[in-house]
Undergrad: 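I have a structure here, written as structure tokens, and I will follow up with some questions on it.
Labels below follow one simple rule: chain letters A, B, ... track the order of the sequence lines, proteins then strands, and each chain is numbered from 1.
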Amino acid sequence: MSVPLSHVLIVASLMFAMGLGCVVAWRANVIMMLIGIEIMLNAVMLTFVGGSAHWQIADGQLFSLMLMALTSAEVSLALAMVVYLHRRKNTVNTDRFDSMKG
Amino acid sequence: MEATLFYILAAVLLTGTLLAITARQAVRSIVYLVASFLALALMFYLLGAPLIAAFEVIIYAGAIMVLFLFVIMMLELESPEKLPKPHLKNWLPALLLAGAVVGSLVVLLCSRLQAVPPGFVQIPVRQFAFTLFKQYGVAVEVVSMQLLFALVGALYLGRRK
């Protein structure tokens, strides 16, 4: 395929910027913040795969595989915590989670 | 042909992500995100990573997003109109940050001419697996331990008193 690496990097950085904007704009909603983190991690994976294809070594693909494992662990813990917090305070609004003692 | 497909997929990806982060309800946002991740998986395939493309579909679009959907539906959130929506005041710093990223991108692209790309080459699965288990065998073990810890932690957080 004849797409320059810089175009892949442009797409990835635009996606990363969108994820960053999602986290910052929806900072009152835990679930939307997690979605923004997912978007950012996917942009990073696209960067890794693009670099791996550009330099023709498998390491970039491998790190995106590691990133996937990391993300699945992170999401499972974070969503378990969201369920736990929702059971306590009956909301997902981050402004309500302002004390360490429930 | 492949380059055209790449740009179409990039358009689908960016549109889907934009719709996902501006959607009013979390469920719609998840569905848009699934579409954009499927486009991303195809893009991985075009970039010569068939295994990563398959894992993207199976793990991301299949498992993680369904987990999100499951939690959102399980929580019985109050009606979406009552959830706090970001106002213009909240979007402003987000737009500022995204604008900084895009601006630095523009500066970077204008500052230097691009070399002629050598073109992407498919990396065979054999090479991928060889690198994974030969060079990064310890990392695979560490990742498996991490997944186990995440499982135990999620079970601990989710138990009923």
Side-chain angles (χ1 to χ4, degrees), chain A residues 1-8 10-11 13-22 24-29 31-32 34-36 38-39 42 45-46 49-50 52-54 56-59 61-62 64-66 68-77 79-84 86 91-93, chain B residues 2-3 6 10 13-14 17-18 20-21 26 29 33 37 40 43-44 46-49 51-52 55 59-60 63-64 67-68 71-72 74-75 77 83-84 86 90-91 93-95 97-98 101-102 105 109 114 117 119-121 123 127-128 131-132 136 139 143 146-147 150-151 153-154 157-158:
Chain A
M1 194 179 68
S2 57
V3 173
L5 177 67
S6 57
H7 289 189
V8 179
I10 288 170
V11 173
S13 46
L14 283 178
M15 199 177 167
F16 187 88
M18 281 182 194
L20 191 64
C22 181
V24 174
W26 287 90
R27 58 184 178 273
N29 190 336
I31 293 176
M32 290 304 286
L34 285 174
I35 289 172
E38 292 304 304
I39 295 172
N42 269 281
M45 274 170 52
L46 181 58
V49 172
S52 167
H54 185 252
Q56 294 164 25
I57 44 176
D59 295 42
Q61 295 187 13
L62 220 133
S64 51
L65 189 70
M66 300 282 166
M68 242 179 237
L70 181 144
T71 314
S72 50
E74 173 248 328
V75 161
S76 60
L77 269 182
L79 285 178
M81 202 167 279
V82 167
V83 171
Y84 177 73
H86 186 265
T91 179
V92 291
N93 191 347
Chain B
E2 284 168 332
F6 178 85
L13 174 69
L14 292 178
T17 312
L18 190 66
I21 68 172
S29 154
L33 216 56
F37 283 169
L40 188 64
M43 214 183 259
F44 286 163
L46 282 183
L47 287 174
L51 262 183
I52 300 297
F55 284 139
I59 296 180
Y60 258 104
I64 293 181
L67 191 66
F68 265 106
V71 167
I72 290 168
M74 198 178 77
L75 288 186
L77 300 175
L83 270 179
N90 299 59
W91 277 109
L95 285 178
L97 277 173
V101 172
V102 174
L105 201 67
L109 285 177
Q114 294 167 26
F120 296 131
V121 176
I123 292 172
Q127 187 192 343
F128 178 81
T131 316
L132 178 61
Y136 294 98
V143 161
Q146 179 199 29
L147 285 173
L151 175 67
L157 279 174

Undergrad: Using every non-hydrogen atom in the two residues, find where A:Met66 and B:Ala139 come nearest and quote the distance to one decimal.
TA: CE-CB, 3.6 Å
Undergrad: Looking at CZ of B:Phe68 and CD of A:Glu38, how far apart are the two atoms once the value is rounded to the nearest 0.5 Å?
TA: 4.5 Å
Undergrad: I'd like to check B:Thr17 versus A:Asn42 (side-chain heavy atoms, cut-off strictly below 4.5 Å). Are they in contact?
TA: no
Undergrad: Just how far is it from atom CG of A:Leu65 to atom CG of B:Leu51, taken to the nearest 0.5 Å?
TA: 8.0 Å
Undergrad: With a 4.5 angstrom heavy-atom cut-off, is it the side chain or the backbone of B:Leu40 that approaches chain A, or both, or neither?
TA: side chain
Undergrad: Using non-hydrogen atoms and a 4.5 Å limit, figure out which bit of A:Met32 sits close to chain B: side chain, backbone, both or neither.
TA: side chain
Undergrad: Considering non-hydrogen atoms only, spot the tightest contact between A:Tyr84 and B:Leu157 and give its length.
TA: CD1-O, 3.6 Å
Undergrad: Check whether any side-chain N or O of A:Gln61 sits under 3.5 Å from a backbone N or O of B:Gly48 as a donor-acceptor pair, and report yes or no.
TA: yes
Undergrad: Calculate, to the nearest 0.5 Å, the distance between atoms CG and OG belonging to B:Leu151 and A:Ser72 respectively.
TA: 11.0 Å
Undergrad: Can you tell me how far the CZ atom of B:Phe128 sits from the CD1 atom of A:Ile57, to the nearest 0.5 Å?
TA: 13.0 Å
Undergrad: Could you check whether any side-chain heavy atom of A:Met68 comes within less than 4.5 Å of a side-chain heavy atom of B:Val143, counting everything from C-beta outward?
TA: no
Undergrad: So does A:Gly21 get a backbone contact from the side chain of B:Trp91, meaning a donor-acceptor N/O pair under 3.5 Å?
TA: no
Undergrad: Write down the atom of B:Ala49, the atom of A:Val49, and the distance for their closest heavy-atom approach.
TA: CB-CG1, 3.9 Å
Undergrad: Rounded to the nearest 0.5 Å, how far apart are CG of B:Leu33 and CD1 of A:Ile35?
TA: 6.5 Å
Undergrad: Heavy-atom cut-off 4.5 Å, strictly under: side chain, backbone, both or neither for A:Leu20 against chain B?
TA: side chain
Undergrad: With chain A, which of B:Val101, B:Ile59, B:Ile64 has the greatest number of heavy-atom pairs at distances under 4.5 Å?
TA: B:Ile64
Undergrad: If every non-hydrogen atom of A:Met18 is compared with every non-hydrogen atom of B:Leu18, which pair is closest and at what distance?
TA: SD-N, 3.7 Å
Undergrad: Report yes if the side chains of A:Met45 and B:Phe55 come closer than 4.5 Å at any heavy-atom pair, otherwise no.
TA: no
Undergrad: Of all the heavy-atom pairs spanning B:Ala150 and A:Ser76, show the shortest one and how long it is.
TA: CB-OG, 4.0 Å
Undergrad: Using 0.5 Å steps for rounding, measure from the CZ atom of A:Phe16 to the CG atom of B:Leu97.
TA: 10.0 Å
Undergrad: So for B:Leu14, is it side chain, backbone, both, or neither that comes closer than 4.5 Å to the heavy atoms of chain A?
TA: both
Undergrad: Which pair of non-hydrogen atoms, one from A:Leu46 and one from B:Leu47, has the smallest distance, and what is that distance?
TA: CD1-CD1, 4.0 Å
Undergrad: Relative to chain B, which of A:Cys22, A:Ser52, A:Ala73, A:Gly19 shows the most heavy atom pairs under 4.5 Å?
TA: A:Ala73
Undergrad: With respect to chain B, which residue among A:Leu14, A:Leu79, A:Val75 yields the maximal number of heavy-atom pairs within a distance under 4.5 Å?
TA: A:Leu79
